[in-house]
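The next block holds one structure in the form of structure tokens; read it before the comments.
Each chain gets a letter, A, B and so on, in the order its sequence line appears, and its residues count up from 1.
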Protein chains: 2
Amino acid sequence: MGAVATKRHIVEAADSLFYEHGFEATAFADIASAIGISRGNFYYHFRTKDEILDAVITRRLERTRQLLDSWERETGSARDCLLSFAGMLIANRTKIMLYGCPVGSLCLELAKLDHLALGRATELFTLFREWLATQFATLGRGPDADALAMHLLMRSQGVATLAAALRDDGFIEREVEAMKAWLDAQCPTAPGRPVR
Amino acid sequence: MGAVATKRHIVEAADSLFYEHGFEATAFADIASAIGISRGNFYYHFRTKDEILDAVITRRLERTRQLLDSWERETGSARDCLLSFAGMLIANRTKIMLYGCPVGSLCLELAKLDHLALGRATELFTLFREWLATQFATLGRGPDADALAMHLLMRSQGVATLAAALRDDGFIEREVEAMKAWLDAQCPTAPGRPVR
DNA sequence: GTCTATACGAAGATAGAC
DNA sequence: GTCTATCTTCGTATAGAC
């Protein structure tokens, strides 16, 4: 197998395992056995575990950008973009009920470890934050755009954490509905919206 | 030093360290050096690390019950009780910005570790959930009491996680104000509330 | 009750053969 | 590039002296 392919396999497996079991709890042996290589082979591609973490965060940033781009391409309006964000909680609910949000849980773990990579992991939040703010600004909420983006991010984090703790999928559905109702109330130009 | 006192010191130190650095990342050596005993002395009081975790959760449950009781004693109404809950995010904001919520972050870590103690840690959420629901029921929101309690819990979790990731204390203040405004809108009998 | 000394295993990291 | 073998450190846990 080529070096590029193996390296990609390592990062893909590490990405999943860091999400499902945490960064610290994931050993090289776990990643190695998941993709069928030896532990020793690791160090040809990465010198330290921190380098793998950095590659995982970089991969997540790239994939998140692609996801946000696809939402913009595939939906007709900023309002639909915001609904796509809320829908992510439903689409990923099986894993969220088991492991929470991959971004939030990683940031929390790195914060407790006082790990230098926390800043890079937080970029994932910043990416969502600025994209969401852009959508709200498009909807005429320019002055409040960032606060509204943070509020929506906050709610997604709360739903993910509580769903993982209580293992309750009905809760996710109810809160996503409430989130969409809140979004409707924030979109002054949306059709069918009751005027305040 | 007496056995009871030493045992209490161990649990107190473990409680703090599990919160600040995580359960797995905290070694016996860390707890031992924090309270000035030897590692070996540990096993006179606890046989395994899991036993310490159990004692920590039990301690947190007891202290949470005391906290909720004190809120009921010291405030005049169910509405004030709910405001006390929201105020907890302000009172503990320094630590929340560094480590998130002690309940949510512990549950997330135990979920990823597939640890048996997750159920016990979740009891902490259940304790808050039922107490909050009781307050909402007192305010005449009986049919929605549990959903309202879950919504408030959800928001507290979202605020704590995002505050820890972004290390932003202004964000906590803004979201707590929004939380209080939401609470006002949920209290039909509260004085000064604008009627919908 | 608390200590020192130590056994044991797990995990990150390295060396060198193929 | 990938492997096996090995080094080293660390962390849980145990044994036994004081």
Would you say the side-chain atoms of T161(B) pair up with the backbone N or O of G158(B), donor to acceptor, closer than 3.5 Å? no
With a 4.0 Å heavy-atom cut-off, tell me which residues in residues 3-23 of chain A come close to DNA chain D, sorted by residue number. A3(A), T6(A)
Please identify each residue that fulfils ring pair (Phe, Tyr, Trp, His ring centres under 6.0 Å) with F28(A), with sequence neighbours left out. F42(A), Y43(A)
Rounded to 10°, the helix from dG1(C)-dC18(D) to dC18(C)-dG1(D) deviates from straight, judged by its five-pair end axes, by 0°
Within residues 38-48 of chain A, the residues having a heavy atom closer than 4.0 Å to DNA chain D are S38(A), G40(A), N41(A), Y44(A), H45(A)
Would the number of heavy atoms belonging to other residues, nucleotides or ligands and lying under 6.0 Å from CZ of R120(A) be above 12? yes
Near DNA chain C, counting only heavy atoms under 4.0 Å, which residues of residues 110-121 of chain B show up? none
Could you check whether atom CD1 of I90(A) has more than 12 heavy atoms from other residues, nucleotides or ligands sitting under 6.0 Å from it? yes
Going by the rule ring pair (Phe, Tyr, Trp, His ring centres under 6.0 Å), which residues pair with Y99(B) if we only count those two or more places apart in sequence or in a different chain? Y19(B)
Keeping to residues at least two apart or across chains, list the side chain to side chain donor-acceptor pair (under 3.5 Å) pairs with something in residues 2-12 of chain A. R8(A)-E12(A)
Taking side chain to side chain donor-acceptor pair (under 3.5 Å) as the cut-off, I'd like each qualifying pair that reaches into residues 20-38 of chain A, sequence neighbours left out, listed once. E20(A)-K95(A)
Please compare A27(A) and G36(B) by the position of their nearest nucleotide in DNA chain C and report the one closer to 5'. G36(B)
First locate atom CD of Q135(B), then atom CG of L152(B), and finally report the distance between them rounded to the nearest 0.5 Å. 11.0 Å
A quick test of your reading: do over 12 heavy atoms of other residues, nucleotides or ligands sit less than 6.0 Å from CG of D114(B)? no
Pairing of R93(B) and E173(B) as salt bridge, 4.0 angstrom limit: yes
Do T58(A) and L61(A) have side chains that get closer than 4.5 Å, going by heavy atoms? no
Start and end of chain B contact along DNA chain C [non-hydrogen atoms, under 4.0 Å]: dG1(C) to dT4(C)
Using the side-chain contact (heavy atoms from CB on, under 4.5 Å) criterion, which residues pair with E177(A)? Sequence neighbours excluded. K180(A)
Pairs touching residues 151-180 of chain B that satisfy ring-ring contact (aromatic ring centres under 6.0 Å, His included), sequence neighbours left out: H151(B)-W182(B)
R63(A), CZ atom: more than 12 neighbouring heavy atoms under 6.0 Å: no
For H115(A), all residues meeting side-chain contact (heavy atoms from CB on, under 4.5 Å), sequence neighbours excluded: F23(A), D50(A), L53(A), L110(A), L113(A), A117(A)
If I take atom CD in residue E24(B) and atom C1' in nucleotide dT12(D), what distance separates them, rounded to the nearest angstrom? 12 Å
